[in-house]
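What follows is one structure encoded as structure tokens, with my remarks underneath.
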Amino acid sequence: MFVLVALAVFVQSVLGGNLVEVLQNDGETTLIALVKQAGLADALLSGEYTIFAPTNAAFSKLPQSVLDDLQRDTTALANILKYHVVKGSIHKADASNELQLETLAGTKIRFNIYNHNNVVTVEGSKITHFDLTASNGMVHVIDTVMMPPTGSIVDLVAGNSDLSTLLSKVQSAGLAGALQGDALTVFAPTNAAFNRLGSHVLDNLRRNPQLLKEILEYHVVPHTEYSAGLYNREYLRTLDTHHDVIRLGVSSTNGVVINHRSHVTQADISATNGVVHIIDHPLTMFVLVALAVFVQSVLGGNLVEVLQNDGETTLIALVKQAGLADALLSGEYTIFAPTNAAFSKLPQSVLDGLQRDTTALANILKYHVVKGSIHKADASNELQLETLAGTKIRFNIYNHNHVVTVEGSKITHFDLTASNGMVHVIDTVMMPPTGSIVDLVAGNSDLSTLLSKVQSAGLAGALQGDALTVFAPTNAAFNRLGSHVLDNLRRNPQLLKEILEYHVVPHTEYSAGLYNREYLRTLDTHHDVIRLGVSSTNGVVINHRSHVTQADISATNGVVHIIDHVLIPSRYLFSAILGKK
């Protein structure tokens, strides 16, 4: 192993050059000139470092007065440049969201990874080119010069006279301590923004410290969101008690607009514990939500009336037929209410059978009801709630398309508030699972080969874990492998185990959360990925070959999708061990 490492270092030293030469080869002439002016060139050759290198264009974005001052004050210039350097070689693969690294300036810089647009930032500066390897370190190219923060978010607010009202409100609400937490984003209203509320509203906030606290928390997002990570129609959950969301509009013409009204007037002000964006209107969503909840509780009526007002006539008729209407008025409940269209998706024979068997009908309907009022904000990925039927339903949250499902049914309308509970509208009738994933496989004669393979490989126990997705090949799928391959699998239990684990994803993925060109990491030893193709014409195709023929079969510990070809990890595709050439 030492020989390989030594060889790699030798190749890098021959081809890449030292850090200064790599910067020169990449055309960072302004940075090199400033490094030499600050007397840091020799220091960068005396050890192993990673440089986050601003481009010439990045330096040109600085006001000329700032650049002139830095060139006159070599101590300040050296400090800025050292803020772009960390010890050791940091690769792109080493980065993780919210990771902080100490710089040669003695202060830290923060990585943020935004999966939706594949952007990685450091202190909000977008990394445009990764892993330029030098003989004594690494270079990552960034699009903005980073300026060391002057303190925490509270220090930043306290040091800006235009945020003095915000500072006094934070102190009045006792929130200064909370704003010392790490990885925060604050949308900070100016003094003029608070004045726009009017004296009557400001007086109410002075008299109601709890309301003031909630409104201020509604301006705080509990993770770091720089401009490079914001996108149009994004929803960000806030720190307030109800975890209300703020809605972003992002465009080249209007910049960033929050809740259709408040504009970000100054973005990406780094603090040691996050980032601040200055805004021109306070965010008052919480007040509107509180008013909406009050109005709904007065005007919405009880649960049955809310269902009626929303047009769920089929559900109401079945509730009455099952004799459950009075029960729904006797306590506080949350109903996951299938639409009329959802019921129409059921085979007529199933619907007829339920209408003839009121006990079975009541059990299905109770499976859609949980005790208490569950708001959208209460949902978290993989959260399970016990229903009145005695079995649990599972939430899944898919951030890439803003979909929330319950047992795979998409919630299309949230938080219809009744006087005795809550209604969420869903697009599919939920059917209680008959058991675990292993029970489901064992109960399906078309999956008998899979069951025998799982038992041979000793995987039945692993498939009893929670929150799993299994892509289950049919008997015919295994037969497509051919007798020679099947014989090899019988003789090689470790290979069989790896291939079966390659069909298992260690989290719950219903159809509503799958998307085209998605990669899902599997449970096998190497954590190989399966690649999805999703389209309206071909449905879900895995690894360009295997089709999902039956989707979203719920189990008590996850979900099963039945497929028509066995999935083979790419490293085995042309292996003699599978009998392929």
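For clarity, every value in this text was computed on a predicted model and none was experimentally measured.
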Using only atom types and a distance under 3.5 Å, with no angle test, would you say the side chain of [X] pairs donor to acceptor with the backbone of [Y]?
| X | Y | value |
| --- | --- | --- |
| Asn273 | Gly181 | yes |
| Asp528 | Pro569 | no |
| Tyr218 | Val245 | yes |
| Thr121 | Ser125 | no |
| Thr522 | His527 | no |
| Asn543 | Arg531 | yes |
| Asp69 | Val66 | no |
| Asn56 | Thr30 | yes |
| His223 | Thr185 | no |
| His277 | Asp268 | yes |

Self-check item: Pairs where residues 95-125 contributes a residue and the test ring-ring contact (aromatic ring centres under 6.0 Å, His included) is met, not counting sequence neighbours
Solution: Phe52-Phe111, His116-Tyr231

Distance only, no hydrogens: is a donor on one side chain within 3.5 Å (strictly under) of an acceptor on the other, for [X] and [Y]?
| X | Y | result |
| --- | --- | --- |
| Glu98 | Thr224 | yes |
| Asn18 | Asn136 | no |
| Asn25 | Glu21 | no |

Checking [X] now: which residues fulfil side chain to side chain donor-acceptor pair (under 3.5 Å) with it, not counting sequence neighbours?
| X | value |
| --- | --- |
| Thr74 | none |
| Asn160 | none |
| Ser251 | Thr253 |

Quiz item: Should Thr107 and Thr272 be marked as a side chain to side chain contact (heavy atoms under 4.5 Å, CB included) after you check the CA-CA gap, both sets of side-chain angles, and the distance that decides it?
Solution: CA-CA 8 Å; Thr107 46; Thr272 54; 5.9 Å; no

Residues in side chain to side chain contact (heavy atoms under 4.5 Å, CB included) with [X], at least two apart?
| X | result |
| --- | --- |
| Phe130 | Lys92, Val120, Ile127, His140 |
| Ala512 | Val403, Thr405 |
| Ile269 | Leu156, Gln266, Val276, Ile278 |

Donor-acceptor list for residues 167-178 side chains, cut-off 3.5 Å, not counting sequence neighbours:
unit_1, atom_1, unit_2, atom_2, d
Ser168, OG, Thr165, O, 2.8
Ser172, OG, Ser168, O, 2.9

Using a 4.5 Å cut-off on heavy atoms from C-beta on, say whether the side chain of [Y] contacts that of [X].
| X | Y | result |
| --- | --- | --- |
| Leu45 | Val20 | yes |
| Val141 | Glu28 | yes |
| Leu70 | Asp68 | no |
| Leu283 | Ile215 | no |
| Ile142 | His129 | no |

Practice problem: Enumerate the residue pairs fulfilling side chain to side chain donor-acceptor pair (under 3.5 Å) with a member in residues 32-45, sequence neighbours excluded, ordered by first and then second residue. | Solution: none

Quiz item: Applying side chain to side chain donor-acceptor pair (under 3.5 Å), which residue pairs with at least one partner in residues 141-157 are found, sequence neighbours left out?
Solution: Lys61-Thr144, Ser152-Asp155, Ser152-Gln180

Minimum heavy-atom separation for [X] to [Y], with atom names?
| X | Y | result |
| --- | --- | --- |
| Leu81 | Ala38 | CD1-CB, 3.9 Å |
| Asn381 | Ile397 | OD1-N, 2.9 Å |
| Pro222 | Leu239 | CB-CD1, 3.8 Å |
| Tyr49 | Ala43 | CE1-O, 3.3 Å |
| Ile90 | Thr50 | N-OG1, 2.7 Å |

Quiz item: How far apart are the C-alpha atoms of Tyr226 and Asn112, what are their side-chain angles, what is the distance that settles it, and do they pass the side chain to side chain contact (heavy atoms under 4.5 Å, CB included) test?
Solution: CA-CA 8 Å; Tyr226 281 93; Asn112 286 105; 3.8 Å; yes

Self-check item: Pairing of Asp182 and Lys108 as salt bridge, 4.0 angstrom limit
Solution: no

Self-check item: salt bridge (charged side-chain N to carboxylate O under 4.0 Å, His left out): pairs with one or both residues in residues 221-235, sequence neighbours excluded
Solution: none

Quiz item: Does anything in residues 79-90 pair up under salt bridge (charged side-chain N to carboxylate O under 4.0 Å, His left out), and if so which pairs, sequence neighbours excluded?
Solution: none

Quiz item: Hey, mind stepping through Leu104 and Leu40 against side chain to side chain contact (heavy atoms under 4.5 Å, CB included) and telling me if it holds?
Solution: CA-CA 11 Å; Leu104 297 192; Leu40 294 177; over 6 Å; no

